[in-house]
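Below is one structure, written out as structure tokens; comments come after it.
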Amino acid sequence: TEAPFSLVMLLDTSGSTVNFRQQINQAALRFLDALSPDDRVAVIDFNGKGARLDLSFSTDRNRIAYAIGITLQTGKGNTPLYDALKLSLKELSHEGKRRKAIVVLTDGLDTEARNGDRAVVSRTSASDLSSAIKADTSPLLTSVLSDADRQGVTIFPLALPSGDPARLPLPDPAITAMYDAARRRLQLLADRTGGRLHEIKRLDQLSTLYAQVAADLRTLYSIAYQAPNPGVRDGKWREVRVEVTRGDLVASTKPGYFAR
């Protein structure tokens, strides 16, 4: 379907992004150019002062571009990623039955989740660090996934290289475990909502990856089916698998839903 989207551009303006805000701004503007004229875009950023709505949903590309440019001029400090995702979902809840998505640019190192991970590794022996943190059980993550599932929101994380565990200057096992957990949570955000995680290896890839997300949005389809037990709404997880008959195509889908 070519039905328009309501889309949140979610920007990490914490201290870890200070040195490449210009590249982020240029890539974000190219992303706007690739969207449909009827797509409604909101801008939200997050940093040490919390999550903030910078522009409500609009189709005015000039207003959106201005909001992005102003937003990227300030910001430092902590990374309240999951608070920002919750704010994005709250704003999307007012957008009715439109198709909905969040495109979030971040290193994934949420401050609150990281503090919890640090407590876990502090009481774990060195030999068990690699498996100590259960990324998928984070209350912050599960709350966001539940809200996204309820609304049918697709999340596309763009993972900045500053959060890549393979790029840590010192291979400390505890820090590596925390970075691994943060990156796995970004992967879960994408997988559980039918989106895709794009890992940024170099900053000059930003524009290309934003363009890829725009292409992903244009090839996002809604499929409906009749459950064998439609009257049972027990809140339990129902697994769904989508298969395509053409060998040259791959279906990237949500793995299921909660029967509510």
Side-chain angles (χ1 to χ4, degrees), residues 10-21 23-24 44-52 74-89 102-148 155-193 195-206 209 237 255:
L10 185 54
L11 302 171
D12 186 338
T13 55
S14 65
S16 59
T17 67
V18 168
N19 293 328
F20 42 89
R21 299 278 175 84
Q23 292 97 319
I24 294 173
I44 293 176
D45 80 299
F46 56 99
N47 54 49
K49 294 183 178 180
R52 178 182 64 180
T74 59
K76 59 183 180 178
N78 293 336
T79 309
L81 167 61
Y82 292 97
D83 287 347
L85 286 166
K86 294 285 280 188
L87 176 58
S88 301
L89 290 163
I102 300 171
V103 179
V104 52
L105 178 73
T106 181
D107 57 17
L109 298 170
D110 178 89
T111 302
E112 185 177 348
R114 195 175 181 185
N115 289 339
D117 294 342
R118 186 177 290 110
V120 172
V121 300
S122 68
R123 56 178 184 266
T124 302
S125 64
S127 60
D128 296 328
L129 280 173
S130 62
S131 59
I133 302 173
K134 309 301 181 186
D136 59 342
T137 63
S138 164
L140 297 168
L141 173 68
T142 54
S143 178
V144 167
L145 288 175
S146 179
D147 286 356
I155 301 176
F156 294 90
L158 290 169
L160 290 164
S162 53
D164 186 347
R167 290 173 173 252
L168 288 170
L170 296 174
D172 180 276
I175 296 175
T176 299
M178 292 189 289
Y179 272 63
D180 279 336
R183 189 53 59 100
R184 290 201 306 272
R185 290 183 186 118
L186 290 182
Q187 187 69 65
L188 285 166
L189 284 169
D191 291 346
R192 285 281 299 274
T193 63
R196 186 189 303 186
L197 170 65
H198 294 272
E199 295 188 294
I200 302 166
K201 301 300 183 184
R202 303 186 316 274
L203 290 178
D204 60 9
Q205 291 181 307
L206 266 173
L209 292 179
W237 178 254

Task: Heavy-atom pair with the smallest gap, counting every atom of Gln205 and Ile200 - done: OE1-C, 3.7 Å
Open item on the list: Donor-acceptor pair, distance only, cut-off 3.5 Å: does the side chain of Thr193 make one with the backbone of Ile155?
Closed with: yes
Task: Test item: Asp45 and Asn47 side chains (from C-beta on) under 4.5 Å apart, heavy atoms - done: yes
TODO: Check Ala190 against Leu197 and note the closest heavy-atom contact, atom names and distance.
DONE: CB-N, 3.5 Å
Open item on the list: Quick check: closest heavy atoms across Pro173 and Leu129, and the distance to 0.1 Å?
Closed with: CB-CD1, 3.6 Å
TODO: Verify, without hydrogens or angle tests, whether Thr17 (side chain) and Ser14 (backbone) share a donor-acceptor contact under 3.5 angstrom.
DONE: yes
Open item on the list: If we count only N and O atoms by modelled type, under 3.5 Å, do the side chains of Asn115 and Asp117 hold a donor and an acceptor together?
Closed with: no
Open item on the list: I need the Leu206 CG to Phe20 CZ distance, nearest 0.5 Å.
Closed with: 8.0 Å
Open item on the list: Just verifying a value: how many Å separate Leu89 CG and Ile102 CD1, rounded to the nearest 0.5 Å?
Closed with: 4.0 Å
Task: Where at least one partner belongs to residues 157-174, residue pairs that pass salt bridge (charged side-chain N to carboxylate O under 4.0 Å, His left out), sequence neighbours excluded - done: Asp164-Arg167, Asp164-Lys201
Task: Minimum-distance pair of heavy atoms, taken over all atoms of Leu186 and Gly108 - done: CD1-CA, 3.9 Å
TODO: Measure from the side-chain N and O atoms of Arg21 to the backbone N and O of Thr74, and report whether any donor-acceptor pair falls under 3.5 Å.
DONE: yes
Open item on the list: With a sphere of 6.0 Å drawn around CD of Glu112, does it hold more than 12 non-hydrogen atoms of other residues, nucleotides or ligands?
Closed with: no
Task: Tyr179 side chain near Arg184 side chain, heavy-atom distance below 4.5 Å - done: no
Task: Min side-chain heavy-atom separation Leu10-Val103 under 4.5 Å - done: no
- [ ] Check whether any side-chain N or O of Thr106 sits under 3.5 Å from a backbone N or O of Asp12 as a donor-acceptor pair, and report yes or no.
- [x] no
Open item on the list: Does Ile133 form a side chain to side chain contact (heavy atoms under 4.5 Å, CB included) with Arg185? I'd like the steps, not just the answer.
Closed with: CA-CA 11 Å; Ile133 302 173; Arg185 290 183 186 118; 3.7 Å; yes
Open item on the list: Check whether Arg183 reaches the backbone of Gly163 with its side chain - one donor and one acceptor, N or O, closer than 3.5 Å.
Closed with: yes
- [ ] Dump the intermediate steps for side chain to side chain contact (heavy atoms under 4.5 Å, CB included) on Leu168 and Ile175, then the final yes or no.
- [x] CA-CA 9 Å; Leu168 288 170; Ile175 296 175; 3.9 Å; yes
Open item on the list: Nearest 0.5 angstrom please: Gln187 CD to Glu199 CD, how far?
Closed with: 7.0 Å
Open item on the list: Taking Ala119's backbone N and O only, do any of them form a donor-acceptor pair with Ser122's side chain (distance below 3.5 Å, no angle check)?
Closed with: yes
- [ ] Before giving the answer on side chain to side chain contact (heavy atoms under 4.5 Å, CB included), spell out for Leu158 and Leu160 the whole-Å C-alpha distance, their side-chain angles and the decisive distance to 0.1 Å.
- [x] CA-CA 6 Å; Leu158 290 169; Leu160 290 164; over 6 Å; no
TODO: Could you grab the distance from atom CG of Leu145 to atom CG of Leu140, nearest 0.5 Å is fine?
DONE: 11.0 Å
Task: Derivation of the side chain to side chain contact (heavy atoms under 4.5 Å, CB included) call for Asp107 and Thr79 - done: CA-CA 9 Å; Asp107 57 17; Thr79 309; 4.2 Å; yes
Task: Validation row: Ile44, Leu11 side chains within 4.5 angstrom (heavy atoms) - done: no
Task: Nearest heavy atoms of Pro80 and Ala51, plus distance in Å - done: CG-N, 4.4 Å
Open item on the list: On a heavy-atom basis, which atom in Leu189 and which in Pro157 lie closest, and how many Å separate them?
Closed with: CB-CG, 4.4 Å
Open item on the list: Nearest 0.5 Å, please: how far is CZ in Phe46 from OG in Ser88?
Closed with: 8.5 Å
TODO: Run the salt-bridge test on Asp83 and Arg52 with the 4.0 Å N-O cut-off and return the result as yes or no.
DONE: no
Open item on the list: Within this structure, what is the OG-CG distance for the pair Ser138 and Asp110, rounded to the nearest 0.5 Å?
Closed with: 7.5 Å
